[in-house]
There are 2 protein chains.
Amino acid sequence: MSEKRKQIIEAATKSFSLFGYKATTMDQVAKMANVGKGTIYTFFKSKEELLEDIVSSIISEIKREADAAIDHRLSFNENVQRALQRIFTFRKEHELTIKLLQEVRDIGTPAVRDVMKRLDREMIAYVREKIEEAMAKGEIRSCDPELTAFLMFKMYIALNVDWEKEHEPLPQQKIAELFDLYLLKGLSRR
Amino acid sequence: MSEKRKQIIEAATKSFSLFGYKATTMDQVAKMANVGKGTIYTFFKSKEELLEDIVSSIISEIKREADAAIDHRLSFNENVQRALQRIFTFRKEHELTIKLLQEVRDIGTPAVRDVMKRLDREMIAYVREKIEEAMAKGEIRSCDPELTAFLMFKMYIALNVDWEKEHEPLPQQKIAELFDLYLLKGLSRR
DNA sequence: AAATGACCAAAATGTTCATTTAGTCATAAA
DNA sequence: TTTATGACTAAATGAACATTTTGGTCATTT
């Protein structure tokens, strides 16, 4: 990949993380990347596409990390937990996702809203794949994979994000227990 | 209760349902209720308190309906389902709650946001009570009632509201099955 | 052929000011 | 006296206009 392109991505990532999407100007990005503004437009057709490309890399990175957390000697239940835990730890600790989620909450910038929705959808699709694999192998009983992945994801959001709005945060250990108790026990083969 | 007070409540409820909280003026309410504007302030200390009072009645009404859905000859699982189903049917069909939830989404009026948050909190508290009763009777195994009620509520929101944003709505029958399969099976005594 | 920054239309932002509105209170009705 | 009222006020809102900023283009330079 072109060196300039890399500089631009790096500068934009830094600026989006620091100031958010809306507050980042293309002049700003050009200056930080040490390129002319026009150069940005030889690699990306708009500011929005620049954001989309960056978030696509983030998505790949998250999937890579989730995959790395999976250990094929462990059960489906344990692995789906480990993967979801990695996904949500990333969301909570990665500067860019923190800032963009804030921006959606506080300003509601449409471009950012869309891109974060895509991130959620892709994470659900990722979980769905794992479920389909486990079903094919007979590790779990048959179920609607889309619906199951959706519920797992929503439950993780409830435990990791929503609960903290009105209560003490739950430790990861506790979240894992609850997820297992409430969601997986009902799903595993008898 | 004073006749005038009743007229005011009725007029305000109608106007909030029709135009929303922000777009309703106190002059409007006074005119619809056939009272002078000052009269409203002999019963309610502010527009916000008027809304709060109305929502308090709504909350009572929902609890009453949920209670009516409960049949003590049935199991805890069945009853908690029936109660939650009534609660969410109400949310989805009652003009005022529809309009107020819209207003929170589209405008984010703080007074309305707060009052709808209270509604959620009270519904969770209601479910929590049912869980505590069932635990005391030994109908379900021991668990954190607040956390369990919270998860049940979130799961119902996921199935009733969130799922529809990107998929075909689920019939109530299917929602009941899923709730039972995923959440309750893990909780019931073995 | 690749990179640039001056340039432009359009969008965002700041400013002003007339209108609207929540809430008060002196007065009137009961 | 008690209850009800609507004219009134201070604050909030938003329409209209001026100014600035910014995403994106393209003629020029390297």
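- Within residues 100-112 of chain A, no residue has any heavy atom under 4.0 Å from DNA chain D.
- Within a 6.0 Å sphere centred on NZ of Lys63(B), other residues, nucleotides and ligands contribute more than 12 heavy atoms.
- A sub-4.0 Å separation between OP1 or OP2 of dT3(D) and a side-chain N or O of Thr42(B) is absent.
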Item to complete: Indicate for each nucleotide in nucleotides 19-25 of chain D, in 5' to 3' sequence, whether protein heavy atoms under 4.0 Å reach the base (B), only the sugar-phosphate (S), or nothing (-).
Response: ---SBBB
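- Taken from CD1 in Ile8(B) to CG in Leu50(B), the straight-line distance is 8.0 Å, to the nearest 0.5 Å.
- Applying the ring-ring contact (aromatic ring centres under 6.0 Å, His included) rule to pairs touching residues 114-158 of chain A yields Phe88(A)-Phe153(A), Phe88(A)-Tyr156(A), Phe150(A)-Trp163(B), Tyr156(A)-Phe179(A), sequence neighbours excluded.
- In this entry the distance linking CD of Gln28(B) with P of dG23(C) reads 16 Å, nearest Å.
- Here salt bridge (charged side-chain N to carboxylate O under 4.0 Å, His left out) pairs that include residues 92-104 of chain A, with residues two or more places apart or in two chains, are Lys92(A)-Glu164(A).
- Remark: Arg128(B) pairs with Glu132(B), Glu146(B) by the side chain to side chain donor-acceptor pair (under 3.5 Å) rule, at least two apart or across chains.
- For Lys47(B) (side chain) and Thr24(B) (main-chain N/O), a donor-acceptor pair under 3.5 Å exists by modelled atom type.
- Few gaps surround CD on Glu177(A); more than 12 heavy atoms of other groups in view lie less than 6.0 Å from it.
- Rounded to a whole Å, the CD1 atom of Ile40(B) is 14 Å from the P atom of dT21(C).
- In this entry the distance linking CD1 of Ile8(B) with P of dT3(D) reads 14 Å, nearest Å.
- Between the CG atom of Leu50(B) and the P atom of dA22(C) there is a distance of 11 Å, rounded to whole Å.
- One can place CG of Asn34(A) at 13 Å from C1' of dA3(C), the figure rounded to the nearest angstrom.
- Identified under the ring-ring contact (aromatic ring centres under 6.0 Å, His included) test for residues 21-45 of chain A, with sequence neighbours left out: Phe16(A)-Tyr21(A).
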